[in-house]
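Have a look at the structure below, then the notes.
Counting convention: from 1, in listed order, for ligands and their atoms alike. Nothing here was measured: the structure is a model prediction, and the numbers come from that model.
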Amino acid sequence: MHLEMALCIKRVSLYMARLIIVTGPTGAGKTTYSLSIAKEIGAIRFSIDPWMQILFSNDMTSLDYSWMIERVNRCYVQIWQVSEQVLELNGNVVLDLGFTTKEQRDHFTDLAKGLSIDSEIHYLNAPKETRKKRVEKRNLEKDPSVYSFEVTDFMFNFMEPKYEIPGQQELENGRTVNA
Ligand SMILES: Nc1ncnc2c1ncn2[C@@H]1O[C@H](COP(=O)(O)OP(=O)(O)O)[C@@H](O)[C@H]1O
Ligand SMILES: [Mg+2]
């Protein structure tokens, strides 16, 4: 075998697709960061907001957290089915799926392990007051390209104690981004 070909095969086999799990509390900048890192590394990005808006917003009659979560979980199943195919083709994937709880993050980390991929958790962090201001601004801007939901003060405060900050162990293969 030519040396050049052997080197090429080695390079291909050494390359591992990346799965980036973007997490952080409301308004920390997850979607903004996901867009930029996906562009930087060349990745397929899945953000939960457009999935929920396009699939379910017309069916939403009132604000019901368990109704939402049930549908978010259905999206997770389908998003993973596509992500898995991309990763198996050695493509990078960025997941911007809320990831409020460790359990949700662990679920995707375990799925990635099944493909022998060590997922990376990128934790977006910003002070509460900064995030609140950002959400107020985002509510006014209503940028149609990102399909963000309007987040009222009530919703912001409701979600705040639900967010589980990743511990050191979760971040071993990841990073904290002070956005
Ligand atoms: N680093 C940053 N500095 C200032 N504004 C930001 C930053 N990151 C995001 N934003 C703005 O703050 C708002 C919330 O960001 P977004 O990415 O939608 O947060 P999340 O997805 O975590 O809720 C958006 O209007 C966005 O343009
Ligand atoms: Mg977002």
## Note on the structure
Taken to the nearest 0.5 Å, the spacing of Thr152 OG1 from Leu63 CG works out to 7.0 Å
### Salt bridge present between Lys102 and Glu170 (N-O < 4.0 angstrom)
no
### Task
Give the numbers and elements of all ligand 1 atoms closer than 4.0 Å to a heavy atom of Gly29.
8 (N), 9 (C), 15 (O), 16 (P), 17 (O), 19 (O), 20 (P), 22 (O)
### Message
Using a plain distance cutoff, I'd like to know if Val135 has any nitrogen or oxygen under 3.5 Å from a nitrogen or oxygen of ligand 1.
### Response
no
### Glu141 CD to Asp143 CG distance, which is reported to the nearest 0.5 Å
7.5 Å
### Message
Checking Lys128 against Glu160 for the salt bridge (Lys or Arg N to Asp or Glu O under 4.0 Å) test, could you report, in this order, the C-alpha distance in whole Å, the side-chain angles of both residues, the deciding distance, and whether it holds?
### Response
CA-CA 9 Å; Lys128 184 175 170 183; Glu160 212 48 15; 5.0 Å; no
### Task
State the atoms of ligand 1, each with its element, that fall below the 4.0 Å cut-off from a heavy-atom position in Thr31.
17 (O), 21 (O)
### Query
Which of parallel (below 30°), tilted (30 to 60°) and perpendicular (above 60°) describes Tyr76 and Phe108?
perpendicular
### Query
Counting only heavy atoms not in Tyr163, do more than 12 fall under 6.0 Å of its OH?
yes
### NZ/NE/NH1/NH2 to OD/OE distance under 4.0 Å, Arg134 and Glu129
no
### Closest protein heavy atom (residue, atom, distance) for atom 3 (N) of ligand 1
Arg134 NH2, 3.4 Å
### Message
With respect to Thr26, determine whether any N or O atom, backbone or side chain, lies less than 3.5 Å from an N or O atom of ligand 1.
### Response
no
### Message
Any atom of ligand 1 sitting under 4.0 Å from a heavy atom of Gly24?
### Response
no
### Task
Please say whether Lys30 places an N or O atom under 3.5 Å from an N or O atom belonging to ligand 1.
yes
### Message
Considering non-hydrogen atoms of the protein only, which is the closest contact for atom 18 (O) of ligand 1, and what is the distance?
### Response
Arg138 NH1, 2.7 Å
### Task
Just need the protein heavy atom nearest to atom 27 (O) of ligand 1, so name the residue and atom and give the distance.
Thr32 OG1, 4.1 Å
### Query
Would you call Lys132-Glu136 a salt bridge at under 4.0 Å N-O?
no
### Message
Taking distance alone, with N or O pairs closer than 3.5 Å, would you say Gly27 contacts ligand 1?
### Response
yes
### Query
Is there an N/O/S atom in Ser34 at a distance below 2.8 Å from the Mg ion (ligand 2)?
no
